[in-house]
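What follows is a set of notes on a single structure, which appears directly below.
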Amino acid sequence: LGMAAPAALQRSVVSPAGRHTASLIFLHGSGDTGQGARAWIKQILNQDMAFQHIKVIYPTAPARPYTPLKGAFSNVWFDRYKICNDCPEHIESIDSMCRGLTDLINDEVKNGIAKSRILIGGFSMGGGMAMHLGFRFHQDLAGVFALSSFLNKDSAVYQALKRNESALPELFQCHGTADELVLYSWGEETNKMLKSLGVSTSLHTFPDLNHELNRTEIEKLKSWIVKKLPV
C-alpha cells in the first residue's frame, strides 16, 4: 500500500469580481486558520482583500503536535524545535507541507491559471512556509511575500539557492521594528541573505509595529500584488 495522499487543505476563498486570471495564496500564522486570517485582514481593511481578476485563497494548516507548545496540537504549517533563528529547521515537516501546498498550486493550474500568475505568501510562519515553497520548489511563481517572517540561519532555502541557476520569484517583505516574537533583525537578515543569493527583494519597515498587521502594510501589499499580477 502506497502512502495515502494528503487530504486536501481546507480553504476560505474570496472570488474575483470579474474573470479569474490570477490567484493569490495567503498562509496564516501559527495557531490560526484560513478563515481567521481572512477575517483579520477584513477587519483591518473594513472589507475583504478582493480584486477584479485575482482569486484569494486562505488555506488552513492541518492540526499537528507543535513542539513550542509542548507538543499540544496546533494549526501550524510545520514544526519547530523552538522559535529562534539559530536552531535547525524541522525539515521533514516543512517538506511534507510543501507537498500539500503544491497540490493547492496544481489545482489552480488545472483551472487554467499559469504559475507565473500565482503569488504565495503569508504572515509569520506562513511567510516562512511561502519562502520554502517559492524559492525551493516553485521558482516559476509570480512572487513571494513574507509579513513578520524569517528563515533560520542555515535554512534549506539558502542551501537550495546556492546551487540555483534559474530565475527566481521576487520577494516582498514587511516587518515591524517592535516585533517581540520574530525580531526585526531576523527578518532583515533573511532579506539580506536572500538578496545576496540572487533574489530580488524589498523590505518595508514599520516603526513601532509589533507582531501584527496594519492597514498601511496591507495597502502596500495590495499595490505590489496588482503590480505583479496585472489585469
Side-chain angles (χ1 to χ4, degrees), residues 2-16 19-42 48-51 53-64 66 73-80 89-147 149 151 156-157 160 168-172 221-222 224-226 228-229:
M3 287 291 289
L9 297 168
Q10 289 184 313
R11 55 198 87 166
S12 178
V13 174
V14 183
S15 296
R19 194 168 80 88
H20 175 209
T21 66
S23 297
L24 168 71
I25 299 169
F26 189 105
L27 306 178
H28 63 73
S30 55
D32 201 356
T33 60
Q35 202 68 47
R38 176 183 175 175
W40 188 22
I41 289 174
K42 189 173 182 173
D48 263 318
M49 181 167 70
F51 302 90
H53 60 295
I54 306 169
K55 174 186 187 184
V56 184
I57 306 164
Y58 295 95
T60 295
R64 58 159 298 136
Y66 188 46
F73 272 70
S74 186
N75 293 91
V76 289
W77 298 109
F78 49 85
D79 198 9
R80 297 201 249 238
E89 289 175 322
H90 196 289
I91 200 70
E92 288 145 279
S93 62
I94 291 173
D95 286 358
S96 110
M97 187 51 63
C98 281
R99 289 194 287 275
L101 287 164
T102 293
D103 290 344
L104 186 60
I105 291 171
N106 289 341
D107 283 349
E108 293 309 294
V109 173
K110 281 179 202 133
N111 287 331
I113 305 301
K115 278 176 77 180
S116 60
R117 297 282 292 164
I118 300 173
L119 279 177
I120 185 153
F123 175 72
S124 192
M125 172 185 263
M129 187 74 231
M131 289 188 277
H132 275 272
L133 203 62
F135 297 125
R136 292 176 58 211
F137 298 101
H138 299 282
Q139 298 176 334
D140 46 357
L141 290 170
V144 173
F145 62 91
L147 316 173
S149 309
L151 290 171
V157 173
L168 295 163
E170 183 185 319
L171 174 69
F172 176 93
L221 173 64
K222 281 184 72 174
W224 180 77
I225 291 167
V226 175
K228 298 306 290 180
L229 301 175

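Computed from a predicted structure; not experimentally measured.
Here CG of L221 is found 7.5 Å from CG of L24. Values are rounded to the nearest 0.5 Å. Distance check: F78 CZ to E92 CD gives 14.0 Å after rounding to the nearest 0.5 Å. To the nearest 0.5 angstrom, H53 atom NE2 is 10.0 Å from I113 atom CD1. Distance OH/Y58 to OG1/T33: 11.5 Å, rounded to 0.5 Å. Annotation: the span from I120 atom CD1 to L104 atom CG amounts to 7.0 Å, rounded to 0.5 Å. Between the NZ atom in K228 and the CG atom in L119 there is a gap of 8.0 Å [rounded to 0.5 Å].
In this structure, S93 contributes its side chain and D79 its backbone to a donor-acceptor pair below 3.5 Å. With H132 contributing its side chain and I91 its backbone, the two residues share no donor-acceptor pair below 3.5 Å. Put simply, the side chain of H28 never gets that close to the backbone of S30: no donor and acceptor are under 3.5 Å apart. R11 places a side-chain N or O within donor-acceptor distance of the main-chain N or O of L9, the cut-off being under 3.5 Å. Distance alone, capped at 3.5 Å, places no donor-acceptor pair between the T102 side chain and the G100 backbone.
The closest side-chain heavy-atom distance from F51 to K222 is below 4.5 Å. Side-chain atoms of K55 and N111, non-hydrogen and from C-beta on, do get closer than 4.5 Å to each other. For the pair H138/L101, no side-chain contact is recorded, criterion being any heavy-atom separation below 4.5 Å from C-beta on.
Applying the salt bridge (charged side-chain N to carboxylate O under 4.0 Å, His left out) criterion to E89, with sequence neighbours excluded, gives no partner residue.
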Decide side chain to side chain contact (heavy atoms under 4.5 Å, CB included) for I118 and V109; before the verdict, give the C-alpha distance in whole Å, the side-chain angles of both, and the deciding distance to 0.1 Å. CA-CA 9 Å; I118 300 173; V109 173; 4.2 Å; yes
Evaluate side chain to side chain contact (heavy atoms under 4.5 Å, CB included) for D107 paired with K110, printing each intermediate quantity in order. CA-CA 5 Å; D107 283 349; K110 281 179 202 133; 3.9 Å; yes
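Pairs of residues two or more places apart, or lying in two chains, that qualify as salt bridge (charged side-chain N to carboxylate O under 4.0 Å, His left out) and include a residue from residues 27-41 are R38-D48. The salt bridge (charged side-chain N to carboxylate O under 4.0 Å, His left out) contacts involving residues 120-145 comprise D95-R136, K115-D140, where partners must be two or more places apart or lie in separate chains.
The ring of F145 has its center closer than 6.0 angstrom to the ring center of F26.
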